[in-house]
Every structure is written in C-alpha cells, then in structure tokens.
Undergrad: 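The structure under discussion is supplied below as structure tokens; questions concerning it will follow.
We count ligands from 1, going down the list as the structure has it; atoms in each ligand are counted the same way. The shown structure was predicted, so the numbers you read here are calculated from the model rather than taken from an experiment.
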Amino acid sequence: MPTYEEARSCILDAIKPLGVEKVEILESLGRVLAEDIFAPWDMPLWNNTAMDGYAVRAEDCSAPVSLKISGFLPAGENMTSSIEPGTAVKILTGAPIPPGADAVVPVEETEESADSVSIKVPVKVGDHIRFKGEDVKTGELIIPAGTVIRPYEISMLASFGKLFVPVYRKVRVAILSTGDELVEPGEALSPGKIVNSNALTVAAAVRQLGGEPVMLGIARDDKESLRKKLTEGLNADVLITSAGISAGDRDLVRAVLNELGVKLVFWKIDIKPGRPTAFSLRDGKPVFSLPGNPVSTMITFEEFVRPALLKMMGHAKVIKPFITATLKTAVKKKPGRVNFLRVGLERQDGEYVAWSPGDQNTGILKTMLLAGGIAVLPSGQGNLDAGEKIDVHLLGPGVEMLEEL
Ligand code: AMP
Ligand code: MG
C-alpha cells in the first residue's frame, strides 16, 4: 500500500499535460500560457510625456525664463514640425514629445499668462519623458510559457494586440456517483435513500481549479449500469468516480474498470480518511476512484486529484505548500498512517492558530464547512497537545489570508 507521498508521486508521474489551444484573450485568465510571447514592437512606441505640462528644449530653460507657447498637443495627437527654439508646446500626459523638444516641465512648476509660460525650476534633458522602449523592447520575451495568466498578463497581451492566446486545454472531468442508495438532489427521498451530493462537490472542486465538469449522473451497484456509465466517462480527459470502492459485496467499481481494460495502478493509500482510494489508467487516461463518504471524497480530491488536474492543465506548481499552524486544542491520533484533520484556522499576530472544529468522523459534513484547512499529520505522529505545530493545506481560494473589516 503506497504512503501519502508515494501515492501522490505515483499519480503525478503517470500524468501528462493536455494539448494546447488558442483562446480569446479574456478566456485565457487563470489558464497556463503554452508558448513564450515576444514583443512585436517597442513599448512605449514613441517618447511621450509622463506629465501634463510644457514640452521644451532644456537648453532654453537654464535660468528662470518665460517662453512663448507655440502649440498645444493633447494625448492622441502628434506633432510633426520641430519645436521653435525659445518656445514651449503645451502638452498633455501620453502625447508624443514634439521633435526637437527634450524635456517636459510639469504644469505645477509653471505659470501661464496669455501666450507665454514662465518656468521657475531647473530643467534637465529627459525630464518627465517616458522613452520609446523603456518598458519593453521589440523582440523581448514578455511572458514565458508556463505563466498563469492574471489580469496583469492580460494587460501586456492586450497592449500588443494579442487577442488570441495559446494556453493549455481545460481538463474535461467526467464525474460519476455510484450507489443503489442515491437519488439526485431535489428528487424525493424514500427510506434508505440519500442525496447524491458528491457529484456536485466534485464538480464544484473541478470548476474551482479551472476544469470543466461533465456530469454522468448515477450508476447503480450492478455491473451493467457501471459498465455503461464508466464507458461513457472514459471519453473525457479524466474520470472520477465516488463510492463502490471498498470491500463490500456491492463494491464493483474496480472489477468493472478492469473489465473495460482500465489498469489498476494502486488500490488503497496508507491514509485516514480516504484509505480505499484507487488510481488506474487506460492508455494514459487517469481514473480516480474516490471513497463515497462525502468528507473522504473531498479530502482525497484535495490531496490527490487536484494536483493531477493542475498538471494536466499545464501548471508547473501543483502541490499546495504547507503553512505552519499552532494547535489550540489537543488532538488524538494513533501512530501508523498519515491522518487528515479538518482544522479551523485563524491568524493571530501574524501566525496561524488551528483547532479541530468538532467531530472528525468522515460521516460528519458540518466540520468540513468549519474548516479553513486540512492538517496533514505524519504517519509516525501520536497524540498532539495544544501548542504543538502542525502542517496545514489551506482550503479554498485563500480568503483565509484576508483581514476582517
Ligand atoms: P460506499 O463506499 O459505497 O460504501 O459508500 C460509503 C458511504 O458514502 C455510504 O454511507 C454512502 O451512502 C455514502 N455515499 C456514497 N456515494 C455518495 C454520494 N454520491 N453522495 C453522498 N454520499 C454518498
Ligand atoms: Mg456503496
């Protein structure tokens, strides 16, 4: 049985990034750039003024001086004639520096009269000019392949008119719930039935990291139903099933996957909860069989599936870093295997403090909602006292880092 680390490495070793597609620029947000992007031209494209003021020849301004205003140049316009010596051109931020001018005097440092301007400050060549190419030079690598696109990368791409962006494909994830007891959310519950919440849980988690869920619904605990749904699921990039993976009489997922030519890589990981997790491959296509208890499904997704999906979408950084937190409450643990502990989290004086928000049984969903993170307690670890340090993976998009109003 692989350990926590072994299972994760084994999965990541087996997984390759998906192909590349060109998408409309805004669709590239959050995606991974698949090619280096080079600047097709200089930015800025011409010398221009960083301030509202007067374009001058610095040599005309050696002493406090009054210059005739010889023109007006707002942003968006261009002047082709040279500035006359001894004159100033009124200029607005962003406008190209007129030929012959070599400095800008900010309007705040001048006094304007009818048709002249007096300058009271010393002026140097280059003052308040944004120079051609000072930000980016033609041919310069502006965004390397592998970058995760943020609004700032969008800005750079937009500035160069790159309206279609090569990115790694979104992973299409087929999601299948299995179980005779399941009814879909909103359907009538009769005795013995429970709601299929796992499918939406996994779909939400897939979407949160930028993937595309494909809902397969429910397969019953019989081979025919499973065969039909699993076959359909193998059309996606990844197949995730929940439940039917333990050692019960009706746990048939592994057997049917095997019949369909899906090769088991491992079944069971030395962890708690989530031990019956299985990972298999068909021609390189990954199949994750997660345990059915909702909390086990959530935690095994977080710890094993998430990094895999990120890798498929071209991400180089796929493993969440641990943050260190100090336990506020004692926690019971038997040495033997890695335990995942749902923890409440808070920042106090710049440091994380963690506590168990209640019952850690996998049947208890409520404590998952109270958790800001999952503590990963090492296999050798025994009981923990308040005050001990633990390693925690933050859950969610990181809002825990924000300060309250
Ligand atoms: P199993 O692995 O099939 O023995 O299921 C383990 C537990 O998870 C049982 O209590 C199931 O009722 C529950 N369970 C299985 N599938 C789902 C699901 N899709 N949504 C919510 N709970 C589920
Ligand atoms: Mg079952």
Undergrad: Please identify which atoms of ligand 1 are closer than 4.0 Å to at least one heavy atom of Asn196.
TA: 18 (C), 19 (N), 20 (N)

Undergrad: Using atom types as modelled and distance alone, determine if a side-chain donor or acceptor of Lys332 lies under 3.5 Å from a backbone N or O of Leu384.
TA: no

Undergrad: Counting only heavy atoms, tell me which of Ile194, Leu176, Asp180, Thr178 gets closest to atom 22 (N) of ligand 1.
TA: Ile194

Undergrad: Quick one: does ligand 1 sit under 4.0 Å from the side chain of Ile218, the backbone, both or neither, non-hydrogen atoms only?
TA: neither

Undergrad: Just to be sure I'm reading this right: ignoring hydrogens, which of Ser197, Ser289, Gly363, Ala247 gets closest to atom 20 (N) of ligand 1? Compare them by their nearest heavy atoms.
TA: Ser197

Undergrad: Looking only at protein heavy atoms, identify the closest one to atom 23 (C) of ligand 1 and say how far it is in Å.
TA: Gly292 O, 3.3 Å

Undergrad: Which is it for Glu181 and ligand 1 at heavy atoms under 4.0 Å: side chain, backbone, both or neither?
TA: side chain

Undergrad: In the protein, which heavy atom is nearest to atom 4 (O) of ligand 1, and how far is it?
TA: Asp251 OD1, 4.4 Å

Undergrad: How far is atom 17 (C) of ligand 1 from its nearest protein heavy atom, and which residue and atom name does that atom have?
TA: Asn198 ND2, 3.3 Å

Undergrad: Do any N or O atoms from the side chain of Arg220 and from the backbone of Leu182 form a donor-acceptor pair under 3.5 angstrom?
TA: yes

Undergrad: Taking all heavy atoms of Lys311 and all of Leu12, pick out the closest pair and write down the distance.
TA: NZ-O, 2.8 Å

Undergrad: Pick one of side chain, backbone, both or neither for how Pro294 approaches ligand 1, counting any non-hydrogen atom pair under 4.0 Å.
TA: side chain

Undergrad: Using a 4.0 Å heavy-atom threshold (strictly under), name the region of Val195 that reaches ligand 1: side chain, backbone, both or neither.
TA: backbone

Undergrad: Measure the spacing between CG of Leu157 and CD1 of Ile37 and express it to the nearest 0.5 Å.
TA: 6.0 Å

Undergrad: Just say parallel, tilted or perpendicular for the rings of Phe340 and Phe304, cut-offs at 30° and 60°.
TA: perpendicular

Undergrad: To the nearest 0.5 Å, tell me how far Asp391 CG sits from Thr324 OG1.
TA: 5.5 Å

Undergrad: Strictly distance-based, threshold 3.5 Å: is any side-chain N or O of Asp102 a donor or acceptor partner for the main-chain N or O of Ala58?
TA: yes

Undergrad: Which protein non-hydrogen atom lies closest to atom 6 (C) of ligand 1, naming both residue and atom, and how far is it?
TA: Asn293 N, 3.8 Å

Undergrad: As a quick check of understanding, evaluate salt bridge (Lys or Arg N to Asp or Glu O under 4.0 Å) for Lys90 and Glu112, giving each step before the final call.
TA: CA-CA 10 Å; Lys90 189 167 191 180; Glu112 195 184 303; 3.1 Å; yes

Undergrad: Between Ser177 and ligand 1, which residue portion shows a heavy-atom distance shorter than 4.0 Å: side chain, backbone, both, or neither?
TA: side chain

Undergrad: Could you tell me if any non-hydrogen atom of Gly248 lies under 4.0 Å from any atom of ligand 1?
TA: no

Undergrad: Less than 3.5 Å apart, any donor N or O on the side chain of Asp270 or Thr3 sitting next to an acceptor on the other?
TA: no

Undergrad: Counting each atom of ligand 1 from 1 as listed, which ones have a heavy atom of Gly244 under 4.0 Å away?
TA: 1 (P), 2 (O), 3 (O)

